[in-house]
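In what follows, a single structure is set out as structure tokens and then discussed.
From a predicted model like this one, the values you see are computed outputs, not experimental measurements. The chain is numbered in sequence order, starting from 1. Any value given below was found using the heavy atoms of this structure, including those in side chains, with hydrogens, waters and symmetry copies removed.
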Amino acid sequence: MADIFFPMMPTPDWARELSHRVLDDASYERHCIIEWRWGDPRPKSWAEPVRGRVVIRAPHDRGHAALASTLLHELAHLVMPPKEHHSRRFWRHFYGLVERYGSGGDCSLSTEDAYLLSRHYKVTAIKVAAELGVRAARSDLAERVPGAAQPRRWLRETLALERWLSEQTCEACLRNSPVPERAVAAL
């Protein structure tokens, strides 16, 4: 079993299990630290492959599938060589992880969801997703002009998807989350 330390509590059980499955299957042999920071409104998460460290900022209102997409993205950074940062090979690996593992637990994460949640990345992500048959990527690629700003509707659509994925959060995820009771009632 991969040597993973989760210093921030509570880290959801599904995130622990998913991390172990991904790193075990990748034969990741280094010590790894995964910091799960609940309640941070800033959505930026990151990986430090050289240090074997992943930081996930988990806002209370972010759904299970959206958090799983972020976790799989950062785990892909850990197992890929640093020179592959957001390369075509990286995105193929990331979408492969989504296909293989979904989100773990009782929630599902489709390749379409993962693409929509990460489409703010460069054109390479769009091209790879389109090659893999992701419907939204093919339509977005037709609209995207390299170097041009993203269509404004992408942000609105992504935020709407975030809200929908929050509504899809499973009971197991909520049990492991310090989500305030009124937020749970809203779900």
Side-chain angles (χ1 to χ4, degrees), residues 14-15 17-19 21-28 34 42-50 54-59 61-170 173:
W14 66 264
E17 292 168 17
L18 183 59
S19 300
R21 285 176 45 213
V22 170
L23 295 180
D24 286 346
D25 289 352
S27 300
Y28 189 81
I34 298 178
R42 300 166 294 178
K44 183 168 175 58
S45 296
W46 66 91
E48 298 172 358
V50 174
V54 169
V55 176
I56 304 292
R57 290 178 175 167
D61 62 348
R62 195 145 194 230
H64 178 122
L67 291 170
S69 178
T70 301
L71 179 60
L72 289 173
H73 180 104
E74 301 308 339
L75 290 174
H77 280 302
L78 273 191
V79 300
M80 297 292 293
K83 67 181 173 127
E84 296 291 345
H85 185 82
H86 294 166
S87 67
R88 182 176 293 274
R89 187 170 169 226
F90 169 84
W91 286 108
R92 281 195 168 282
H93 186 73
F94 166 69
Y95 289 122
L97 291 177
V98 171
E99 279 292 315
R100 183 167 185 183
Y101 299 103
S103 62
D106 297 327
C107 295
S108 62
L109 172 69
S110 70
T111 307
E112 193 84 15
D113 294 339
Y115 167 72
L116 289 170
L117 290 166
S118 63
R119 71 178 170 187
H120 61 278
Y121 287 101
K122 298 181 180 182
V123 175
T124 305
I126 298 173
K127 287 182 178 176
V128 170
E131 288 169 8
L132 296 173
V134 176
R135 189 179 69 251
R138 290 193 304 268
S139 64
D140 287 346
L141 191 57
E143 294 179 19
R144 179 74 185 228
V145 176
Q150 299 176 47
R152 287 194 179 273
R153 68 174 175 72
W154 283 10
L155 178 59
R156 286 191 308 273
E157 289 174 3
T158 301
L159 292 174
L161 178 65
E162 284 277 349
R163 282 192 298 277
W164 180 81
L165 288 171
S166 292
E167 293 167 4
Q168 304 304 312
T169 299
C170 68
C173 188

Minimal heavy-atom distance between Leu78 and Glu48, with the atoms involved, is CD2-O, 4.2 Å
Output for pair (Tyr28 OH, Leu75 CG), nearest 0.5 Å, gives 9.5 Å
Closest heavy-atom pair, Ala136 versus Leu116, reported as atoms and distance to 0.1 Å, is CB-CD2, 3.8 Å
Value for CD (Glu112) from CG (Leu117), rounded to nearest 0.5 Å, stands at 10.5 Å
- Task: Would you check if Tyr101 and Asp25 make a side-chain contact, meaning some heavy-atom pair closer than 4.5 Å?
- Result: yes
Scanning both residues in full, the closest heavy-atom pair of Ser19 with Ile34 reads OG-CD1, 3.4 Å
Taken to the nearest 0.5 Å, the spacing of Phe94 CZ from Glu99 CD works out to 11.0 Å
Between the CG atom in Leu97 and the CG atom in Leu109, the distance rounded to the nearest 0.5 Å is 10.5 Å
| said: Please check if the number of heavy atoms outside Arg138 that lie under 6.0 Å from its CZ is greater than 12. | reply: yes
Close side-chain approach of His73 to His86, heavy-atom, < 4.5 Å
yes
Result for side chain to side chain contact (heavy atoms under 4.5 Å, CB included) between Glu84 and one of His77, Arg89, Arg92, His93 points to Arg89
Closest non-hydrogen contact found for Ala125 with Trp91 is CB-CE2, 3.4 Å
Note: Thr111 and Tyr95 closest approach over all heavy atoms is CG2-CD2, 3.8 Å
In short, Val79 meets Ala26 closest at the heavy-atom pair CG1-CB, 3.7 Å
Rounded to the nearest 0.5 Å, the CG atom of Leu72 sits from the CG atom of Leu67 at a distance of 11.0 Å
**OP:** Determine, step by step, whether Phe90 and Lys83 satisfy the side chain to side chain contact (heavy atoms under 4.5 Å, CB included) criterion, reporting the C-alpha distance in whole Å, the side-chain angles of both residues, the deciding distance to 0.1 Å, and the verdict.
**Re:** CA-CA 10 Å; Phe90 169 84; Lys83 67 181 173 127; over 6 Å; no
